[in-house]
J.: 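Sharing a structure here in structure tokens format.
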Amino acid sequence: MPQLVVSIYSSDDAHLLEPIPDGVEVVEWDLSSPPPRDHIDMVVFPPFARPPLMEAAGNVSSRLLQLQSIGYDSLEPHVPSGSVVANGASVHESATAELALALLLAVTREVPRMVRNQDLSRWQQFHTHGLADSRVLMVGYGGVGKAIADRLTPFEVALTRVATSRREDELGVVHAVEELGELLPEADAVIVIVPLTPKTEGLVDDEFLAAMPDGAVLVNVARGKVADTSALLRHADRLRIALDVTDPEPLPADHPLWQKATLIAPHVGGATDAQTPRLKELLQRQMAHLLADEEPENIVLRG
């Protein structure tokens, strides 16, 4: 008898669990069909777990429901009673931080303008604001926020960090979100990387954007609903807006945000070659924890 039963959502993705530890049995379950067992110790969800899949996990008893994503905002009300949910922390932070920096650099150095000029075979030199010596305000200081902060250091910016509550750490003060009204007018660029919660939904609204100075850059790598899309459209003519997430998402082809925003990426923050090996490492650690009767990593929800 196996010591641990683990389900994977597709046979094509069974490689994510390799090498399979001794004592582990792998079964396939896409969470839309009847479960292959009454008890599955670890249920691995597909990359974008939706509420119906979380509800379906209630059809088995389990020790761990493992998400691939860091975010779990839409799933909390749907966690089956008695279930334990872990997220994909450690998998996506570096890649999302890379994209945040890529969007910020692209906008501050006007890379979209260069691409349009290249399409026209036009040689046009111009001066840009650049990133060095600018004031960057980062709203959100979790795992991804810290990864972004680490990568900003070599660019010689003045970084101000904001989190839910005010505190101090080895780098200085982390400001509270209530201080945004004082901090936004001083920012050349604002990076938003907060989780989507009832308190952060619509955080980037008219008041938030109006407080930013003309020409400032807004980078949203959080969730689309963190920003009010109507407010983004109203302020897009005087701000430079770069988005990896939108509301709605996917963004319809006829949506005015395509023309108004400076740069839009199609929610690809974590989509790099680093994703698969880091996910495999996390799954290996989680199986080892369960085999040893230890508490898994990254627990974010309990039903």
Side-chain angles (χ1 to χ4, degrees), residues 48 69-74 92-108 111-112 131 134-149 151-152 157 159-164 175 177 180 183-184 187-252 255-271:
F48 296 101
S69 61
I70 298 176
Y72 50 90
D73 39 87
S74 66
H92 307 286
E93 287 86 344
S94 294
T96 305
E98 287 175 2
L99 185 64
L101 263 291
L103 292 172
L104 180 59
L105 284 165
V107 173
T108 55
V111 173
L131 193 53
S134 64
R135 299 161 297 182
V136 178
L137 177 64
M138 188 159 62
V139 184
Y141 196 56
V144 177
K146 291 174 182 176
I148 294 171
R151 286 156 179 77
L152 276 172
V157 303
L159 177 64
T160 301
R161 301 165 297 158
V162 174
T164 304
H175 296 267
V177 69
L180 279 174
L183 299 171
L184 286 166
D188 298 306
V190 179
I191 302 173
V192 181
I193 183 58
V194 295
L196 178 61
T197 69
K199 290 185 177 181
T200 62
E201 183 170 350
L203 173 68
V204 181
D205 57 8
D206 264 313
E207 183 179 3
F208 184 109
L209 296 169
M212 294 174 61
D214 290 352
V217 179
L218 174 75
V219 176
N220 184 9
V221 287
R223 285 290 186 268
K225 288 184 179 294
V226 167
D228 182 322
T229 301
S230 297
L232 292 177
L233 290 170
R234 284 190 289 273
H235 290 270
D237 289 336
R238 67 174 198 88
L239 300 176
R240 295 175 291 164
I241 296 172
L243 309 170
D244 182 44
V245 289
T246 61
D247 179 30
E249 192 174 299
L251 194 64
H255 200 285
L257 199 56
W258 284 113
Q259 282 70 47
K260 287 287 191 177
T262 307
L263 186 58
I264 296 177
H267 201 158
V268 291

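Below, all heavy atoms of this structure are taken into account, side chains as well, without hydrogens, waters or symmetry copies.
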J.: Using side-chain heavy atoms (C-beta onward) and a distance below 4.5 Å, is Leu101 in contact with Leu152?
T.: yes
J.: So which heavy atom on Trp258 is nearest to which on Pro252, and how close?
T.: NE1-O, 2.8 Å
J.: Contact between Val194 and Val139 at the side-chain level, heavy atoms closer than 4.5 Å - yes or no?
T.: yes
J.: Quick one: OG1 on Thr262 to CD1 on Ile241, what's the gap to the nearest 0.5 Å?
T.: 6.5 Å
J.: Is the shortest heavy-atom distance from the side chain of Thr160 to the side chain of Arg135 under 4.5 Å?
T.: no
J.: Apply side-chain contact (heavy atoms from CB on, under 4.5 Å) to residues Ile70 and Glu93 and explain how you reach the verdict.
T.: CA-CA 9 Å; Ile70 298 176; Glu93 287 86 344; 3.9 Å; yes
J.: So, do Met212 and Leu239 sit near enough that their side-chain heavy atoms are less than 4.5 Å apart?
T.: yes
J.: Would you mind reporting whether Val221 and Val192 have side-chain heavy atoms less than 4.5 Å apart?
T.: no
J.: How close do Ala242 and Val107 get, heavy atom to heavy atom, and via which atoms?
T.: CB-CG2, 3.7 Å
J.: Rounded to the nearest 0.5 Å, how far does NE2 of His175 lie from CZ of Arg161?
T.: 8.5 Å
J.: Is a side-chain donor or acceptor of Thr229 paired with a backbone partner of Asp247 at a separation under 3.5 angstrom?
T.: yes
J.: Is there side-chain contact between Asp206 and His235, with heavy atoms separated by less than 4.5 Å?
T.: yes
J.: State, to 0.1 Å, how close Ile148 and Ala100 come at their nearest heavy-atom pair, and which atoms those are.
T.: CD1-CB, 3.7 Å
J.: Tell me, with the steps shown, if Val217 and Thr108 meet side-chain contact (heavy atoms from CB on, under 4.5 Å).
T.: CA-CA 8 Å; Val217 179; Thr108 55; 4.1 Å; yes
J.: Within a strict 4.5 Å, meaning less than it, do heavy atoms of the Ile191 and Leu137 side chains meet?
T.: no
J.: Show, in sequence, the C-alpha distance, side-chain angles and deciding distance for Phe208 and Val190, and conclude whether the side-chain contact (heavy atoms from CB on, under 4.5 Å) test is met.
T.: CA-CA 11 Å; Phe208 184 109; Val190 179; 3.9 Å; yes
J.: Verify whether one side chain among Thr200 and Arg223 offers a donor that lies under 3.5 Å from an acceptor in the other.
T.: no
J.: Name all residues meeting the salt bridge (Lys or Arg N to Asp or Glu O under 4.0 Å) criterion together with Asp205; count only those two or more places apart in sequence or in a different chain, and write none if there are none.
T.: none
J.: Can you name the salt bridge (Lys or Arg N to Asp or Glu O under 4.0 Å) partners of Asp228, sequence neighbours left out?
T.: none
J.: Can a donor-acceptor pair be found, under 3.5 Å and without considering hydrogens, that links the side chain of Asp244 to the backbone of His267?
T.: yes
J.: Using salt bridge (Lys or Arg N to Asp or Glu O under 4.0 Å) as the criterion, list what pairs up with Arg240, not counting sequence neighbours.
T.: none
J.: List for me each residue that meets side chain to side chain contact (heavy atoms under 4.5 Å, CB included) alongside Thr246, sequence neighbours excluded, and say none if there are none.
T.: Leu243, Glu249, Leu251, Leu257, Ile264
J.: Verify side-chain contact (heavy atoms from CB on, under 4.5 Å) between Val204 and Leu209, making sure each step is shown before the conclusion.
T.: CA-CA 7 Å; Val204 181; Leu209 296 169; 3.6 Å; yes
J.: So do the side chains of Leu131 and Val157 get within less than 4.5 Å of each other, counting heavy atoms only?
T.: yes
J.: Taking side chain to side chain contact (heavy atoms under 4.5 Å, CB included) as the definition, give me every residue that meets it alongside Lys260, ordered by chain and number, with sequence neighbours left out.
T.: Leu233, Ala236, Asp237
J.: Mind checking what makes salt bridge (Lys or Arg N to Asp or Glu O under 4.0 Å) contact with Arg238, not counting sequence neighbours?
T.: Asp214
